[in-house]
Amino acid sequence: MAEISSTLLYSAFMIYLFSTLFFAMSISDKKNEKAAHTKKWGKIGFITACVGFAAQFGYFITRWIASGHAPVSNLFEFTTFFGMMMVLAFIILYSIYRTNGLGVFAMPVALLVIAYASMFPKDISPLIPALQSDWLKIHVTTAALGEGILAISFVSGLIYLIRTVDQSVSSKKTKWIEIVLYSLISVVGFIVISMAFKGAGYEASFEIMNDQNQAEKIVFEMPAIAGPANGEQLDDSFGPLFSTPSWMNGANASIKLNTFIWSLLSGAILYGLLRLILRKRIAAALQPKVKINPDLLDEISYRAVAIGFPIFTLGALIFAMIWAQEAWSRFWGWDPKEVWALITFLFYAAYLHLRLSKGWHGEKSAWLCVLGFWIITFNLIAVNLVLVGLHSYA
């Protein structure tokens with residue numbers, strides 16, 4: 001069953017890739033001004049996305065059967081599920097608005113999320129005692145669904161900014177858009193460099209003393225820029241250049257920090273190469289291809305937040321607090337994951353207030369949607385890989 005699950009996930013990824021290509025053809029066709037061509041490729045892209053979602057849902061069910069629990073218990077499983085919820089949110093919103101350009105950006109972001117998840121251990125393991133509860137599937141799946149819908153607001157907001165911000169001159173706005181695009185490219189860079197080191201069979205070993213004061217061996221699969229605090233290197237491999245801060249406790253904290261650093265470095269290299277090839281800002285190269293009505297993009301981003309925010313609130317806060325009371329006899333404990341869930345909630349609550357009461361539409365709304373997704377990804381990546389707390393199950 002586990003092999004079937006892996007095959008279905010790989011199939012879903014490849015189908016999503018084809019869906020992206022079909023959507024790209026719908027906006028790059030030289031006869032794009034003819035509605036028939038746009039509708040044809042857009043319809044094929046949408047149907048392909050639905051088929052891919054069905055395959056990924058099959059992965060989710062078969063992995064659930066193989067593991068005996070909802071497959072959202074570690075970073076691989078949760079991030080994969082998050083990507084699936086992004087696709088579901090896109091399918092729902094595309095069904096309403098029929099905007100092909102949304103697929104050109106939404107499907108690649110979902111692909112990046114799923115590909116990023118594949119870089120983490122995929123082994124099926126029993127649930128630790130803290131996760132052996134029905135609230136696992138209730139809390140985590142609802143939170144991921146809300147985040148998946150909110151992610152579409154980011155996609156729509158980013159398209160809006162690429163579409164409307166003047167790219168003929170360098171400004172703070174163009175620089176911030178490039179930073180956002182660099183963040184996405186960093187995920188691609190991390191995937192590429194992780195696959196390269198894994199293909200080469202690279203390993204670097206260290207020995208540390210764990211919480212029980214026993215010697216424990218940890219293995220890096222990428223060169224150790226950040227080594228374990230008070231760790232002893234067991235081979236002659238590269239590094240480390242510095243030690244992981246002592247406040248980042250846990251055997252795998254240094255590996256997670258090292259992974260985060262390599263993501264940023266590989267992203268910088270890949271971004272620099274793209275700039276050399278394009279000889280212009282990436283957003284400036286994309287702008288001529290983005291011809292979607294800005295008012296429609298603004299509406300899509302707002303609709304995504306209006307749907308995703310209450311779902312996220314229910315799953316990430318209300319259900320989470322009920323489970324926390326059951327597991328730890330308290331509703332709130334200021335764990336890093338809890339804090340960032342609260343920050344996410346407050347941010348999107350402020351977004352709705354500013355939009356509905358202060359009239360923050362258009363560009364202001366788009367920037368908020370982009371910033372909101374940055375908060376979500378920081379919670380997913382940095383909080384899991386860098387900060388250590390009660391939710392560090394990856």
Side-chain angles (χ1 to χ4, degrees), residues 53 56-57 59-60 63-64 67 69-93 106 109-110 113-114 116-117 120 127-128 130-155 304-328 330-352 369 371-385 387 389-394:
F53 177 80
Q56 191 173 359
F57 185 73
Y59 142 80
F60 182 75
R63 188 174 176 94
W64 192 329
S67 63
H69 59 79
V72 289
S73 61
N74 57 41
L75 199 53
F76 164 72
E77 293 177 342
F78 175 82
T79 308
T80 302
F81 184 77
F82 173 49
M84 185 171 73
M85 292 300 97
M86 278 191 63
V87 175
L88 176 61
F90 164 71
I91 289 172
I92 293 171
L93 290 169
V109 174
V113 170
I114 297 169
Y116 175 77
F120 296 96
L127 287 177
I128 64 174
L131 298 180
Q132 294 175 5
S133 169
D134 289 336
W135 285 107
L136 171 67
K137 53 180 174 287
I138 299 172
H139 154 57
V140 179
T141 56
T142 309
L145 174 58
E147 290 179 342
I149 300 172
L150 291 171
I152 301 301
S153 72
F154 155 75
V155 173
V305 175
I307 298 172
F309 175 67
I311 297 175
F312 173 82
T313 302
L314 187 65
L317 288 180
I318 298 176
F319 290 161
M321 288 190 289
I322 295 173
W323 189 9
Q325 173 63 27
E326 179 184 287
W328 301 315
R330 50 81 169 164
F331 287 105
W332 191 261
W334 299 105
D335 181 73
K337 201 76 171 178
E338 294 173 273
V339 171
W340 279 94
L342 178 61
I343 291 172
T344 305
F345 165 80
L346 293 174
F347 178 86
Y348 281 104
Y351 166 88
L352 291 173
C369 289
L371 179 57
F373 186 69
W374 182 88
I375 294 173
I376 289 174
T377 53
F378 184 86
N379 194 3
L380 174 65
I381 298 174
V383 173
N384 278 314
L385 295 182
L387 304 180
L390 294 172
H391 292 77
S392 298
Y393 305 125

(message) Please determine whether side chain to side chain contact (heavy atoms under 4.5 Å, CB included) holds for the pair L317 and E338, giving the CA-CA distance in whole Å, both sets of side-chain angles, and the decisive distance to 0.1 Å.
(response) CA-CA 8 Å; L317 288 180; E338 294 173 273; over 6 Å; no

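Heavy atoms only, all atoms of each residue included: Q56 and I114 are closest at OE1-CD1, 3.6 Å. The heavy-atom pair separating A110 from G83 by the smallest distance is CB-O, 4.1 Å. Among all heavy-atom pairs drawn from A106 and V155, the shortest one is N-CG1, 3.6 Å.
For the atom pair CG of L88 and CG of L145, the computed distance is 6.5 Å after rounding to the nearest 0.5 Å. Note: I311 CD1 to M85 CE = 10.5 Å, rounded to the nearest 0.5 Å. Rounding to the nearest 0.5 Å places CD1 of I318 at 7.0 Å from OG1 of T313. To the nearest 0.5 angstrom, I307 atom CD1 is 11.0 Å from S153 atom OG. One distance of note links CZ of F378 with CG of L371; it measures 12.0 Å at 0.5 Å rounding. One distance of note links CD1 of I138 with CD1 of I322; it measures 9.0 Å at 0.5 Å rounding.
Within the 3.5 Å criterion, the main-chain N or O of G308 finds no donor-acceptor partner in the side chain of E147. Between the T377 side chain and the W374 main chain, a donor and an acceptor come within less than 3.5 Å of each other.
Applying the salt bridge (Lys or Arg N to Asp or Glu O under 4.0 Å) definition to pairs two or more places apart or across chains, those involving residues 71-90 are R63-E77.
The aromatic rings of Y59 and F76 stand perpendicular to each other, their planes meeting at an angle above 60°, with 30° marking the opposite boundary. Taking the six-membered ring where tryptophan is involved, the planes of F154 and F373 are essentially parallel, since the angle between them stays under 30° and well short of 60°. Ring geometry for F78 versus F82: interplanar angle under 30°, hence parallel rather than tilted (30 to 60°). By the 30° and 60° cut-offs, the orientation of the rings of Y348 relative to F309 is tilted.
Looking only at side-chain heavy atoms (C-beta outward), L136 and H139 stay at 4.5 Å or farther from each other. Under the 4.5 Å side-chain criterion, counting only non-hydrogen atoms from C-beta, V72 is not in contact with K137. Between P71 and F81, every side-chain heavy-atom pair lies at or beyond the 4.5 Å cut-off. Taking 4.5 Å as the limit, some side-chain heavy atom of K337 sits within range of a side-chain heavy atom of N379. Between I149 and I92 the shortest side-chain heavy-atom distance does not fall below 4.5 Å.
Side-chain rings of W323 and F319 stay apart, their centers remaining 6.0 Å or farther from each other.
In this structure, the side chain to side chain contact (heavy atoms under 4.5 Å, CB included) partners of I91, at least two apart in sequence or on a different chain, are F46, C50, F53, V87, S95.
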